[in-house]
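A short write-up of the structure that comes next.
All chains are named by letter (A, B, ...) in the order of the sequence lines, taking the proteins before the strands, and each is independently numbered beginning at 1.
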Amino acid sequence: MGVPLRPLLEGCRHPVEWDALFGVAAIDANNALYQFLSIIRQADGTPLQDDRGRVTSHLSGLLFRTTYFLEHGIRPFYIFDGTPPSLKAKTLSKRREIREAGKEQWDDALSRGDTEAAYRAAMQSSKVDRAIIESGQRLLDALGVPWMVAPSEGEAQSAFFVDAGIATYSVSQDYDSLLFGASVLVRNLTVSGKRRIRGKSVTISPERIYLFELLETLGITREMLVQIAILVGTDFNEGIYGIGPKKAMKIVRDGHFHETIAEKAPDLDPVPIMEFFLSPPITRDFHPEWRSPDSDLVVEILCSEYGFSTERVQPVLNRIAGPPKGMSGQQRLDAWF
DNA sequence: CTATAGAG
DNA sequence: CTCTATAGA
């Protein structure tokens with residue numbers, strides 16, 4: 001979900017080429033898995049799955065995108081969500097309701113023969129569950145790509161990595177990492193540059209957002225940005241009815257944040273939310289390390305275990321694996337390991 | 001989402 | 001080469 005701040009980002013979303021994104025990418029793992037899971041489906045909404053019915057959509061997505069990162073000189077580093085703060089309980093139960101409604105609508109649409117509605121409902125029914133997460137982590141291990149589980153929100157941990165210089169930028173479709181203080185956020189980091197929106201294929205390109213520029217453009221501080229977010233709604237509180245990004249910005253600039261909350265949402269205590277964004281739980285003692293991919297293990301997992309075809313997996317591995325030992329010549333990705 | 005084939 | 005359709009598991 002994330003925070004609806006898009007309208008405030010005009011002029012601060014800079015198109016960026018893949019080749020300009022060298023460095024370490026701190027990737028919001030749950031966000032990435034969710035995207036794969038919701039989008040990689042057949043026309044009727046059925047996800048990719050092996051012969052035992054285990055979902056594999058996310059493994060396909062992870063494999064190809066991670067490979068693409070590596071090929072472009074980007075070192076991917078996946079950050080998973082840890083224990084959600086209790087502030088997030090309402091959002092989580094709301095998401096659960098949406099998923100359950102999605103499941104029912106999916107069945108309905110299928111029985112009506114409406115495949116487009118079925119696909120949309122299936123997307124809504126997506127859940128990044130334990131099995132999805134653990135299989136994804138296992139694939140990353142085999143690919144030699146580091147990952148870690150944040151103490152709390154992954155985007156908060158990503159923001160720390162960026163600001164500590166451990167990562168070059170944060171990767172997510174959501175804007176939350178900006179609120180957590182990430183100085184650089186990259187969105188739309190997909191391989192194809194296309195996305196299906198309401199059935200139509202739309203071209204999208206990677207965009208980079210600098211927090212300092214955003215704040216400077218809006219003439220506000222990060223604290224004020226968080227105040228704006230609280231007014232329009234975050235994962236930790238509902239937005240105030242009738243207040244969108246634009247009104248929120250005026251309120252905050254005029255110094256009427258607390259007064260507005262007292263007046264329009266007296267039950268909302270913004271202090272713990274503010275504190276959570278400004279100094280979230282993070283760990284400082286994790287340092288990512290990259291290894292060469294273990295091609296045999298990747299094939300073992302994807303082909304033997306999940307029924308992927310070797311013809312699809314092997315070429316991908318050949319592109320990211322270093323040349324066989326003893327062979328001279330072109331060094332490939334070894335340069336980074 | 002990504003890869004691949006086929007069409008333009 | 002770019003675009004569109006479709007399979008993948």
* **Whole angstrom value for the distance that separates P of B:dT2 from CG of A:Leu37** => 15 Å

* **Side-chain donor/acceptor contact of A:Gln42 with base of C:dA7 under 3.5 Å** => no

* **Heavy-atom side-chain proximity of A:Gln42 to A:Thr115 below 4.5 angstrom** => no

* To do: Mind jotting down which residue pairs meet the side chain to side chain donor-acceptor pair (under 3.5 Å) criterion with at least one end in residues 101-111 of chain A? Sequence neighbours excluded, please.
  => none

* Structure fact -> Between CD1 of A:Ile132 and C1' of B:dC1 the distance, given in whole Å, is 14 Å

* **Watson-Crick and G-U pairing of DNA chain C written in dot-bracket, each distance under 3.5 angstrom, with | for inter-strand partners** => ||||||||.

* Asked: When the distance from CG of A:Leu139 to C1' of C:dA9 is rounded to whole Å, what number comes out?
  -> 14 Å

* Structure fact -> To the nearest angstrom, the CZ-C1' distance between A:Arg41 and C:dT6 comes to 18 Å

* To do: Return each pair, listed once, that meets salt bridge (Lys or Arg N to Asp or Glu O under 4.0 Å) where at least one residue sits in residues 141-170 of chain A; pairs must be two or more places apart or across chains.
  => A:Lys88-A:Glu153

* To do: Classify the nucleic acid contact of A:Pro315 as base, sugar-phosphate or nothing, counting any heavy atom under 4.0 Å across all strands shown.
  => nothing

* Between A:Phe277 and A:Phe180, what is the ring plane arrangement, given parallel below 30°, perpendicular above 60°, and tilted in between? -> tilted

* **Residue of the set A:Leu21, A:Ile27, A:Ile320, A:Val191 for which side-chain contact (heavy atoms from CB on, under 4.5 Å) holds with A:Phe69** => A:Ile27

* Respond yes when some side-chain nitrogen or oxygen of A:Arg319 is under 4.0 Å from OP1 or OP2 of B:dA3, and no when none is. => yes

* **Length of the line joining A:Gln35:CD and B:dT2:P, which is rounded to integer Å** => 10 Å

* Measure the acute angle between the ring planes of A:Trp18 and A:Tyr68, then classify it against the limits of 30° and 60° as parallel, tilted or perpendicular. => perpendicular

For residues 58-66 of chain A, which side-chain N or O atoms pair as donor and acceptor with protein atoms under 3.5 Å away, sequence neighbours left out?
unit_1	atom_1	unit_2	atom_2	d
A:His58	NE2	A:Ile132	O	3.4
A:His58	NE2	A:Ser135	OG	2.7
A:Thr66	OG1	A:Leu62	O	2.6
A:Thr66	OG1	A:Tyr78	OH	2.9

Got a list of side-chain donor-acceptor pairs under 3.5 Å for residues 257-271 of chain A, not counting sequence neighbours?
unit_1	atom_1	unit_2	atom_2	d
A:Thr260	OG1	A:His256	O	2.6
A:Asp269	OD1	A:Val271	N	3.0

* Which part of the nucleic acid, if any, lies within reach of A:Thr46 when heavy atoms closer than 4.0 Å are counted: base, sugar-phosphate only, or nothing? -> nothing

* To do: Please indicate whether A:Arg6 has more than 12 foreign heavy atoms, meaning atoms of other residues, nucleotides or ligands, lying under 6.0 Å from its CZ.
  => no

* Rounded to whole angstrom units, what separation is found between the CD atom of A:Gln49 and the P atom of B:dC1? -> 20 Å

* Asked: For residues 53-66 of chain A, which residues have at least one heavy atom under 4.0 Å from DNA chain B?
  -> A:Phe64, A:Arg65

